[in-house]
Asker: 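Dropping a structure here in structure tokens format, bear with me for questions.
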Amino acid sequence: MIIPGILFKSQTSFPSIFNLKHNFKSFLNPKFTLQFNPISSLKVVWRKDWTLDKAIENDKRYKLCARVVKEVLNEPGQAIPLRYLDKSRERLRLNVRVKTFINNNPGLLDTYYDRIRPKSDLVPFLRPSNRLRNFLEEEKRIYDENEDLVVSKLCKLLMMSRYKVISVDKLVHAKREFGLPNDFLVNLVPKYSNYFRLTGSPGEGQSFLELVEWNPEFAKSVIEQRAEEESHLTGIRVRPNFNYKLPPGFSLRKEMREWVRDWLELDYISPYEDVSHLDQASREMEKRMVAVLHELLSLSLLKRVPVPILGKFTNDYRFSNAFSSAFTRHSGIFYMSLKGGIKTAVLREAYKGDELIDKDPLLGIKDKFVELLEEGWRERAEMLRVRREQVKKDMEMMAAKNGELSEQSCEEAEL
């Protein structure tokens with residue numbers, strides 16, 4: 001049976017909980033009450049998803065370049081001595097020397113010579129290239145065009161939190177995942193004082209971003225919006241719930257299937273709903289936590305977020321200490337990748353193969369940056385091709401010259 005609003009493969013479909021025979025057995029036989037065991041006792045073996053891992057691998061080079069660029073742009077005057085950047089290689093997860101990185105990615109950063117201190121020797125510095133500066137202008141244009149989207153994302157992040165206030169440090173740490181601009185605290189927050197209030201001084205001790213006004217239009221999750229759209233199209237009320245689809249070849253043990261089936265039948269709890277009355281260890285709270293995780297991943301640019309970043313919001317969103325186990329326990333909703341030695345939570349429904357189905361408008365920034373990188377890579381490939389051809393020509397000329405010299409030597413020897 002396919003439960004409304006949920007997708008199952010036939011081999012993993014669950015029987016209806018409304019089956020009277022089953023209900024009667026549940027009532028009499030304690031074996032059928034296993035689904036009410038503590039959540040922590042229900043284990044699901046992690047299984048690698050090669051396709052979703054490939055989606056992460058595809059962005060590896062782009063993300064590395066973005067980290068290096070960010071390091072340069074964050075420096076005073078947007079310039080840094082090359083040797084200083086070399087010292088940050090481990091933190092940036094850069095496995096080659098910076099000079100090699102610059103050569104492999106032409107058109108990204110320019111090298112020039114300057115003094116670190118007056119009267120010191122000239123040393124190589126790095127600064128944004130003209131192409132990168134043009135990209136930064138494009139980035140600003142895209143942010144301006146999608147300012148309403150950014151404001152709604154920031155409001156939603158605050159609206160889901162327990163006290164409608166979040167530490168600025170946490171938001172800054174996660175800004176790249178959700179597409180918040182680098183200067184959102186300086187430009188965006190003061191501009192929308194009807195929504196946000198900044199307390200404390202960022203960079204000078206603890207500071208917090210507080211929600212000033214609750215906008216009911218923002219208080220609908222992606223799942224609730226989807227249910228409304230389906231109801232409007234079909235004329236039949238669709239109950240909000242998760243799309244649950246196990247990957248090919250994946251199966252659950254019987255007791256886990258029963259638990260998931262009954263858990264899915266619980267009413268959907270909006271991540272924007274007040275749940276202060278719920279027991280932290282209850283199945284209802286588990287459903288609310290999964291709803292929050294689903295909404296956070298839906299708000300993210302790539303529909304995936306490193307688990308350590310989500311973990312920073314444990315207290316804000318009332319996650320349990322073992323919240324990350326939800327990504328394997330609910331394998332039909334999420335996938336937890338271990339690619340690159342980093343745990344990354346991925347929203348399954350957002351992908352078809354290794355490609356995103358619906359792209360966030362702010363991903364236009366990433367597309368422009370990739371275009372910049374690919375232009376440089378094409379130039380480098382062309383330069384290497386020309387160089388190889390020149391080497392080949394030089395070798396052919398040398399071979400021909402050596403042949404002429406050999407013939408001349410033979411003729412002289414005969415004489």
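Computed from heavy atoms alone, side chains included, the values below leave out hydrogens, waters and symmetry copies.
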Asker: Shortest non-hydrogen contact from R288 to M160?
Answerer: NH2-O, 3.2 Å
Asker: Are side-chain heavy atoms of I102 and L126 found at a separation under 4.5 Å?
Answerer: yes
Asker: Start with the C-alpha distance between E177 and L301, add both sets of side-chain angles, then the distance that settles side-chain contact (heavy atoms from CB on, under 4.5 Å), and finish with yes or no.
Answerer: CA-CA 6 Å; E177 305 299 330; L301 285 179; over 6 Å; no
Asker: Please report the closest heavy-atom contact between R257 and L252, naming both atoms and the distance.
Answerer: NH1-O, 2.8 Å
Asker: Mind running side-chain contact (heavy atoms from CB on, under 4.5 Å) on K54 and N58 for me, showing each step along the way?
Answerer: CA-CA 6 Å; K54 184 183 176 185; N58 290 344; 3.8 Å; yes
Asker: For V98, does its backbone N or O pair with a side-chain atom of R89 as donor and acceptor, under 3.5 Å?
Answerer: no
Asker: Please list, chain by chain and in numerical order, all residues satisfying ring-ring contact (aromatic ring centres under 6.0 Å, His included) with Y62, sequence neighbours excluded.
Answerer: F369
Asker: Is it the case that S167 and D169 place a side-chain donor and acceptor less than 3.5 Å from each other?
Answerer: no
Asker: Would you find a donor on one side and an acceptor on the other, under 3.5 Å apart, between the side chain of K287 and the backbone of L264?
Answerer: yes
Asker: Assess the side chains of E138 and N134: does a donor N or O sit below 3.5 Å from an acceptor N or O?
Answerer: no
Asker: Is R162 reaching over with its side chain to a backbone N or O of D316, donor-acceptor style, under 3.5 angstrom?
Answerer: no
Asker: I'd like to know if the side chain of R47 reaches the main chain of S331, judged simply by a donor and an acceptor atom lying under 3.5 Å from each other, with no hydrogens or angles considered.
Answerer: no
Asker: Would you mind reporting whether L109 and V68 have side-chain heavy atoms less than 4.5 Å apart?
Answerer: yes
Asker: Distance under 6.0 Å and angle within 45° of the ring axis: does K48 meet both against W50?
Answerer: yes
Asker: Closer than 3.5 angstrom, by distance alone: can the side chain of W46 be matched with the main-chain N or O of T328 as a donor-acceptor pair?
Answerer: no
Asker: How far does CD of E349 sit from NZ of K303, to the nearest 0.5 angstrom?
Answerer: 10.0 Å
Asker: Identify the heavy atoms of Y268 and P240 that sit nearest to each other, and give their distance.
Answerer: CB-O, 3.2 Å
Asker: For a 4.5 angstrom cut-off between non-hydrogen side-chain atoms, does L372 reach K368?
Answerer: no
Asker: Under 3.5 Å, is there a donor-acceptor pair between the side chain of R115 and the main chain of S120?
Answerer: yes
Asker: If you measure only the distance, is there a donor-acceptor pair under 3.5 Å linking the side chains of R91 and S88?
Answerer: yes
Asker: If you look at every heavy atom in S300 and D360, which pair is closest and at what distance?
Answerer: O-OD2, 4.4 Å
Asker: Measuring from atom CD of E355 to atom OG1 of T51, what distance do you get when rounded to the nearest 0.5 angstrom?
Answerer: 11.0 Å
Asker: Salt-bridge test for R239 and E265: reply yes if a basic N is under 4.0 Å from a carboxylate O, no otherwise.
Answerer: yes
Asker: Pick from E224, E295, K220: which one makes a side-chain hydrogen bond (donor to acceptor under 3.5 Å, both in side chains) with Y272?
Answerer: E295
Asker: Within the structure provided, determine whether L171 and F178 are in side-chain contact (heavy-atom separation under 4.5 Å).
Answerer: no
Asker: If you look at every heavy atom in Y317 and S161, which pair is closest and at what distance?
Answerer: CE2-N, 3.4 Å
Asker: Under the side-chain hydrogen bond (donor to acceptor under 3.5 Å, both in side chains) rule, what do E286 and H330 come out as? Steps first, then yes or no, please.
Answerer: CA-CA 11 Å; E286 166 93 349; H330 298 281; 2.7 Å; yes
Asker: With a 3.5 Å distance limit and no angle check, can you tell me whether K245 reaches the backbone of G332 through a side-chain donor-acceptor pair?
Answerer: no
Asker: Grab the two heavy atoms, one from P247 and one from R348, that are nearest each other, plus how far apart they are.
Answerer: CG-NH2, 3.5 Å
Asker: Would the number of heavy atoms belonging to other residues, nucleotides or ligands and lying under 6.0 Å from CG of N194 be above 12?
Answerer: yes
Asker: With D59 as reference, evaluate R67, K366, K339 under the salt bridge (Lys or Arg N to Asp or Glu O under 4.0 Å) test and give the passing residue.
Answerer: K366
Asker: Once salt bridge (Lys or Arg N to Asp or Glu O under 4.0 Å) is applied, do any residues pair with E75, and if so which ones, sequence neighbours excluded?
Answerer: none
Asker: Salt-bridge test for E229 and R226: reply yes if a basic N is under 4.0 Å from a carboxylate O, no otherwise.
Answerer: no
Asker: Just jot down the ring-ring contact (aromatic ring centres under 6.0 Å, His included) partners of F196, sequence neighbours excluded, or say none.
Answerer: none
Asker: Would you mind reporting whether C65 and F101 have side-chain heavy atoms less than 4.5 Å apart?
Answerer: yes
Asker: Could you give the distance from NZ (K359) to CG (L302), rounded to the nearest 0.5 Å?
Answerer: 9.5 Å
Asker: Verify, without hydrogens or angle tests, whether S129 (side chain) and G107 (backbone) share a donor-acceptor contact under 3.5 angstrom.
Answerer: yes
Asker: Is there a side-chain contact between I56 and K60 (heavy atoms, below 4.5 Å)?
Answerer: no
Asker: Using a 6.0 Å cut-off, check whether atom CG of D394 has over 12 heavy atoms from anything other than its own residue.
Answerer: yes
Asker: Determine, step by step, whether V150 and L180 satisfy the side-chain contact (heavy atoms from CB on, under 4.5 Å) criterion, reporting the C-alpha distance in whole Å, the side-chain angles of both residues, the deciding distance to 0.1 Å, and the verdict.
Answerer: CA-CA 6 Å; V150 176; L180 303 179; 3.9 Å; yes
Asker: With sequence neighbours excluded, give me every side-chain hydrogen bond (donor to acceptor under 3.5 Å, both in side chains) pair touching residues 101-111.
Answerer: N104-R380, N105-W377
Asker: Step by step, would you call V346 with F334 a side-chain contact (heavy atoms from CB on, under 4.5 Å)?
Answerer: CA-CA 6 Å; V346 185; F334 307 115; over 6 Å; no
Asker: Give a yes or no on whether the backbone of F218 and the side-chain of K156 come within a donor-acceptor separation of less than 3.5 Å.
Answerer: yes
Asker: So Y192 and Y195, would you call those rings parallel, tilted or perpendicular, with 30° and 60° as cut-offs?
Answerer: parallel
Asker: Can you tell me if R127 uses its side chain to pair, donor with acceptor, with the backbone of A79 under 3.5 Å?
Answerer: no
Asker: In Å, rounded to the nearest 0.5 Å, how long is the span from CG of L149 to CG of N146?
Answerer: 5.5 Å
Asker: How long is the gap from CG on L157 to CG on L209, to the nearest 0.5 Å?
Answerer: 9.5 Å
Asker: If the condition is ring-ring contact (aromatic ring centres under 6.0 Å, His included), which residues does Y351 pass it with, not counting sequence neighbours?
Answerer: none
Asker: Are the charged groups of E145 and R141 less than 4.0 angstrom apart, N to O?
Answerer: yes
Asker: To the closest 0.5 Å, what do you measure between CG (L52) and OG1 (T344)?
Answerer: 11.0 Å
Asker: For Y112, give me all partners under ring-ring contact (aromatic ring centres under 6.0 Å, His included), at least two apart in sequence or on another chain.
Answerer: F125
Asker: Using side-chain heavy atoms (C-beta onward) and a distance below 4.5 Å, is L158 in contact with I166?
Answerer: yes
